[in-house]
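Worksheet: one structure, shown below.
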Amino acid sequence: MITCVMYKFIIYFFVAWAVLACESPSQKKEADKEIRVYLTTADKSKIFFADSVSFQDRDHENKQVIQIDSGVKYQQIDGFGAAFTGSACYNLMQMPADKRAELLKETFHPEEGMGYSYIRVSIGCSDFSLSEYTYCDTPGIENFAIHTEEKEYIFPVLKEILAINPDVKIMASPWTPPRWMKVNNLQDLQPYNSWTSGQLNPKYYQDYATYFVKYIQAMQQEGFEIESVTIQNEPLNRGNSASLFMTWQEQRDFIKTALGPKFRQNNINTKIVVFDHNYDYDSHKDDTKDQGQYPLRIYEDPEAAQYIDGAAYHAYGGDKSELLRIHNARPDKNLYFTEISIGLWGSGYNFGEDLMWNLREVGIGTLNNWCKAVIVWNFMLDDKRGPNRPGGCTICLGAVDIDSSDYTTLTYNSHYYDMAHLSKVIKPGAYRIKSGGLEKQGIYYTAAQNPDGTFGMVIQNDTPAAEKIGITQSGRYFAYYLPAKSVISVGWK
């Protein structure tokens, strides 16, 4: 028998079910309509301004439409970030702990921050360290030991970063081997006791491979997994404050006879990445005229190629189109973009000009030419553009600059937002997907599908006028007015 109370409960249940049945799809539809937008303008009137738009009926009068096709996938993306050099970490460690924690959370947190996800560190010193050093400055590989500058500045910062985002990947690059491993050239083989230039003595190939192994193992013991290593920062640049000249022939022989086998013997899965220098291979120099297509020359040797994940590039010379040529020749090998700096050269630093150039040429440009990671140079320098080393860059700026009078006042430069616009909506593990249909000079874009199925796009308007850009994906459409000289990051389900 149904009591009055039971009857009322049944009526209430069906009414509640009807309300949910009527409202939930509508509410879900409304939730699905929201498209996140982050806007930065070259004139700084908007700096990572958070906005949103909704899907709408197709505006057929708007001919500026980008078509997204998630059925066509390209490279998988590892992430975006900056270099945490000794100088950058020194400056960070001078900050009050709470201010440093706030900045690193803003930069690295996957949801509450910008979501930076890939960083580069030096193996030993770089031109942005407090001194020149390697981990084995006393001859004999048995004397390997991590330097105090790493322990005091770099390790604490890395630990704070990984506490915020444990999935951040680390690439490591040497600027020089220990000086006792260097010779003046490969003909005379005379000792070359200098931080700058010289070549690696083939006699020490095995010791230098052990040096890499010991470094990776030491970092693991500290809790840092090294995702990838490059063999030598700028191997065709003799002139940096810490440097080594290393031809493709030398990298090939070092990898196939020493480094690759050592990694395999020690069960090290760290990716080996070659080159790590300019698009033009510094071909204007007399001693580099035979160094063109550097990675491809190494890949021609199957004994070396079996150990190599891919090649890394800088943008201080040549054009990003070289990336596409390398990819087309060897699509089985990955590409990384690992360095570009901003600074006071030429007519000086200009936020808007650098924002536009770096997004077009580095951010969007390298992704659309098959790079799976994009990393800019120093994350942080001080107001004196340091600390830096004599013979290195003395006019570079950081992605963030800090006032050394208080180690609190920050200036966010264009590089910070270049990487933020990419990392905010394109997540590690995403695949770049097909985007096209709009070909207008000054409009640049790239699109990706994230591991959770969401979509991310970065669109740049490098024209002097506002532009209404439409986007279609799976029969859906939305549009946004990009101000003149601006960039937007867009994320949606």
Side-chain angles (χ1 to χ4, degrees), residues 38-50 80-109 112-116 119-120 126-130 153-154 157 160-161 164 339-359 361-363 374-389 392-424 460 483 485-487 489:
Y38 304 92
L39 166 67
T40 299
T41 58
D43 65 6
K44 293 188 177 183
S45 60
K46 300 286 186 183
I47 297 288
F48 221 77
F49 173 76
F80 311 99
F84 279 72
T85 58
S87 299
C89 292
Y90 171 82
N91 287 324
L92 284 162
M93 290 303 294
Q94 307 314 302
M95 296 179 70
D98 59 333
K99 296 295 184 183
R100 181 175 64 250
E102 182 180 317
L103 172 62
L104 293 178
K105 182 178 180 182
E106 176 189 29
T107 302
F108 286 97
H109 198 284
E112 299 173 36
M114 300 303 186
Y116 277 40
I119 63 177
R120 184 171 177 237
S126 72
D127 49 322
F128 282 92
S129 296
L130 302 185
Y153 306 117
I154 296 173
V157 170
E160 289 188 35
I161 289 171
I164 295 165
E339 188 182 317
I340 187 67
S341 186
I342 48 176
L344 303 180
W345 42 79
S347 58
Y349 168 73
N350 178 283
F351 176 93
E353 290 177 4
D354 277 288
L355 180 78
M356 292 290 102
W357 188 91
N358 277 287
L359 275 167
E361 297 297 322
V362 175
V374 183
I375 305 169
V376 296
W377 193 211
N378 286 290
F379 177 74
M380 177 182 281
L381 294 178
D382 67 20
D383 52 307
K384 302 177 183 67
R385 301 176 294 284
N388 52 49
R389 305 307 306 151
C393 180
T394 59
I395 56 173
C396 289
L397 300 174
V400 179
D401 287 335
I402 192 164
D403 190 332
S404 60
S405 67
D406 61 9
Y407 283 105
T408 298
T409 305
L410 302 177
T411 301
Y412 290 75
N413 293 321
S414 53
H415 267 179
Y416 186 85
Y417 297 106
D418 291 330
M419 294 300 98
H421 273 285
L422 294 164
S423 60
K424 186 66 176 176
Q460 178 182 1
K485 299 288 183 180
S486 70
V487 58
S489 295

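- Taking the six-membered ring for Trp and the full ring otherwise, the centers of His415 and Phe379 sit at least 6.0 Å from each other.
- For Thr408 (side chain) and Asp406 (main-chain N/O), a donor-acceptor pair under 3.5 Å exists by modelled atom type.
- A donor-acceptor contact closer than 3.5 angstrom links the side chains of Asp401 and Asn413.
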Quick one, Ser129 with Tyr90, criterion side chain to side chain contact (heavy atoms under 4.5 Å, CB included). Give me CA distance, side-chain angles, the key distance, then yes/no. CA-CA 9 Å; Ser129 296; Tyr90 171 82; over 6 Å; no

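- For the side chain to side chain contact (heavy atoms under 4.5 Å, CB included) test, residues two or more places apart in sequence or in another chain that qualify with Ser404 are Asp382, Asp383, Lys384, Tyr407.
- The two atoms that bring His421 and Tyr38 nearest to each other are CE1-O, 3.2 Å, heavy atoms only.
- The distance from atom NE2 of His109 to atom CD1 of Ile161, rounded to the nearest 0.5 Å, is 14.0 Å.
- Side-chain atoms of Thr41 and Asp43 include a donor-acceptor pair closer than 3.5 Å.
- Put simply, the side chain of Phe84 does not reach to within 4.5 Å of the side chain of Arg120, judged on heavy atoms.
- Between the CE atom of Met114 and the OG atom of Ser423 there is a distance of 7.5 Å, given to the nearest 0.5 Å.
- Between Phe108 and Tyr116, the ring-plane angle classifies as perpendicular under the 30° and 60° cut-offs.
- Across all their heavy atoms, Ile164 and Ala101 have their closest contact at CD1-O, 4.4 Å.
- Remark: side-chain polar atoms of Thr40 are paired, donor with acceptor, to backbone N or O of Phe48 under 3.5 angstrom.
- Rounded to the nearest 0.5 angstrom, Gln460 CD and Asn358 CG are separated by 10.0 Å.
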For Thr107 and Tyr416: C-alpha separation, side-chain torsions, deciding distance, then whether side chain to side chain donor-acceptor pair (under 3.5 Å) applies. CA-CA 9 Å; Thr107 302; Tyr416 186 85; 3.1 Å; yes

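- Residues Ser87 and Leu381 share a closest heavy-atom pair of CB-CD2, 4.1 Å.
- Aromatic ring pairs are classed by plane angle as parallel below 30°, tilted from 30° to 60° and perpendicular above 60°; the pair Tyr417 and Tyr412 is tilted.
- In plain terms, the two heavy atoms of Pro483 and Leu39 that are nearest each other are CD-CD1, 3.8 Å.
- Listed here is the closest heavy atom pair of Trp377 and Ser126: CH2-OG, 4.4 Å.
- Residues Pro387 and Asn91 meet the side-chain proximity criterion, which asks for heavy atoms closer than 4.5 Å.
- Listed by chain and number, the residues in a salt bridge (Lys or Arg N to Asp or Glu O under 4.0 Å) with Glu106 amount to none (sequence neighbours excluded).
- Donor-acceptor pairing under 3.5 Å is lacking for the side chains of Asn388 and Thr394.
- Interatomic distance, Arg385 CZ to Asn378 CG, rounded to the nearest 0.5 Å: 13.0 Å.
- When all heavy atoms are compared, the tightest approach of Met356 to Ala42 is CG-CB, 4.5 Å.
- Atom-to-atom distance recorded for Glu102:CD and Leu410:CG is 9.0 Å, nearest 0.5 angstrom.
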Would Val376 and Glu339 count as a side chain to side chain contact (heavy atoms under 4.5 Å, CB included) here? Give the steps. CA-CA 5 Å; Val376 296; Glu339 188 182 317; over 6 Å; no

Intermediate values then yes/no, side chain to side chain contact (heavy atoms under 4.5 Å, CB included), Glu361 and Ile340: CA-CA 10 Å; Glu361 297 297 322; Ile340 187 67; over 6 Å; no

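- The main-chain N or O of Tyr349 is never found under 3.5 Å from a side-chain atom of Glu353 such that the two would form a donor-acceptor pair.
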Between Cys393 and Ile395, is a side chain to side chain contact (heavy atoms under 4.5 Å, CB included) present by the stated rule, with each step listed? CA-CA 6 Å; Cys393 180; Ile395 56 173; 4.2 Å; yes

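- Judged as a salt bridge (Lys or Arg N to Asp or Glu O under 4.0 Å), and not counting sequence neighbours, the contacts of Arg100 are Glu160.
- Summarising the geometry, atom OG belonging to Ser414 is positioned 4.0 Å from atom CD1 belonging to Ile342; distances are rounded to the nearest 0.5 Å.
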